[in-house]
2 protein chains.
Amino acid sequence: MASLGDLERSVMELLWDSAEPLTANDLRDELAAPGETAKDLAVTTVLTVLARLEKKGLVVRERSTRPHRYNASSTREDHTVNLLNEALGTAQDREAVLARFIGGISADEAATLRAILDAPKTA
Amino acid sequence: MASLGDLERSVMELLWDSAEPLTANDLRDELAAPGETAKDLAVTTVLTVLARLEKKGLVVRERSTRPHRYNASSTREDHTVNLLNEALGTAQDREAVLARFIGGISADEAATLRAILDAPKTA
DNA sequence: GAAATTATTCTACATCACGTAAAAATCACA
DNA sequence: TGTGATTTTTACGTGATGTAGAATAATTTC
């Protein structure tokens, strides 16, 4: 239950990239700004999307301040890692899949992974 | 463009698990068989889903035989690897994500990966 | 070869997710 | 308290998916 529509994704990208929490108006402006497939949306549209993202647990809203402020509930990295784990699933062919998956990454990335794998478990 | 609905997924699972191509009737029976959240569907329903999966490129149909026979167009492994690559994306934080991702797998799996990574590229 | 059976394609509808936003309700401050 | 800003409600169009009846086509049977 973590699939996102185009607009939802755009909003999440902005929230992930922002250190500060953003308001609906901030987001509307950013979305209209040239750079990210500029859209010119009504604020209510942004608010609707934010409400949906909040319900999905991807966004947290500060109701204390008046123009409510929104934040991604977890980092983009966390999110992606979750997606990867969902995609990998609990199937029996996990190892085979993993093998092929990491077999397809770049040499640099492979080197990084090797380092990680060789490091002692810090669990 | 590779998301699947529940029924679509069930059908794909059956096709992936079957060495032989299956007919719509075969699939209807399998779906009704107790084990996989038994459903009791009309054959036309199965046919509709198969047509959609075919359009999505996930299924190949043999039109030569009369009861058409359906096959997964690629293995489940291929499919999952694709999903993983899609999820990983082309973002800049790929390495960080990969690190965390493989940091979360089992020791056995890690060992396998280490072997793979240490093996010479056969590209 | 015409009838009966089987299989495939068409057409259709309900539901849900998502993009989109006007209308209505609230809130805050002058 | 009136007015402007903000949020909540309500709503509609579209596309995906589950579901299947009706219509059509192909096979088999007598």
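A note on names: the letters A, B, ... follow the listed sequences, proteins ahead of strands, and every chain is numbered from 1. The structure displayed is predicted, hence computed values, not measured ones.
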Q: Could you tell me which non-hydrogen atom of A:Leu15 sits nearest to which non-hydrogen atom of A:Asn71, and how far apart they are?
A: CD1-C, 4.4 Å
Q. To the nearest Å, how far apart are B:Asp26 CG and C:dT6 P?
A. 15 Å
Q. Does A:Arg61 place a side-chain N or O at less than 4.0 Å from the phosphate oxygens OP1/OP2 of D:dT8?
A. yes
Q | Minimum-distance nucleotide (side-chain atoms of A:Lys39 versus D:dT7, C:dT20, D:dT19) | A | C:dT20
Q) Rounded to whole angstroms, how far apart are NZ on A:Lys56 and P on C:dC16? A) 15 Å
Q: Give B:Leu7 one of three labels, base, sugar-phosphate or nothing, depending on what nucleic acid heavy atoms sit under 4.0 Å from its own.
A: sugar-phosphate
Q.
Is there a side-chain contact between A:Thr45 and the phosphate of C:dA21, meaning an N or O under 4.0 Å from OP1 or OP2?
A. yes
Q | Distance in angstrom units between A:Leu47 CG and C:dC27 P, rounded | A | 15 Å
Q: Could you tell me which non-hydrogen atom of B:Arg28 sits nearest to which non-hydrogen atom of B:Ala42, and how far apart they are?
A: CD-C, 4.3 Å
Q: To the nearest 0.5 angstrom, please state how far the CD atom of B:Glu8 sits from the CG atom of B:Asp6.
A: 9.5 Å
Q.
Just to be sure I understand the rule, does A:Thr23 reach a base, reach only the sugar-phosphate, or reach nothing, if contact means heavy atoms closer than 4.0 Å?
A. nothing
**Q.** Which nucleotide in D:dG18, C:dG19, D:dT7 has an atom nearest any side-chain atom of A:Asp6
**A.** C:dG19
Q. Which nucleotide in the list C:dT9, D:dT7, D:dG18 gets nearest to the side chain of B:Arg52?
A. D:dG18
Q. Given atom CG of B:Leu31 and atom P of D:dT19, what is their separation to the nearest angstrom?
A. 10 Å
Q.
Taking 4.0 Å as the cut-off, does a side-chain nitrogen or oxygen of A:Ser3 come that near to OP1 or OP2 on D:dA16?
A. no
Q | B:Asn25 CG - C:dT6 C1' separation (whole Å) | A | 9 Å
**Q.** Pairing of B:Arg69 and B:Asp26 as salt bridge, 4.0 angstrom limit
**A.** no
Q: Measure the distance from CZ on A:Arg28 to C1' on C:dG19 and round it to the nearest whole Å.
A: 17 Å
Q: Just say parallel, tilted or perpendicular for the rings of A:Trp16 and A:His79, cut-offs at 30° and 60°.
A: tilted
Q. What integer distance in Å separates B:Glu8:CD from D:dG15:C1'?
A. 13 Å
Q. Closer than 4.0 Å, any side-chain N/O of A:Arg63 to the OP1 or OP2 of C:dT26?
A. no
Q) If you check the B:Thr44 side chain, which of D:dA20, C:dA7, C:dT20 turns out closest? A) D:dA20
Q: Please tell me which of B:Arg69 and A:Val46 maps to the more 5' nucleotide of DNA chain C, matching each residue to the nucleotide holding its nearest heavy atom.
A: B:Arg69
Q. Given that A:Leu41 and A:Arg66 both sit by DNA chain C, which one's nearest nucleotide is further toward the 5' end?
A. A:Leu41
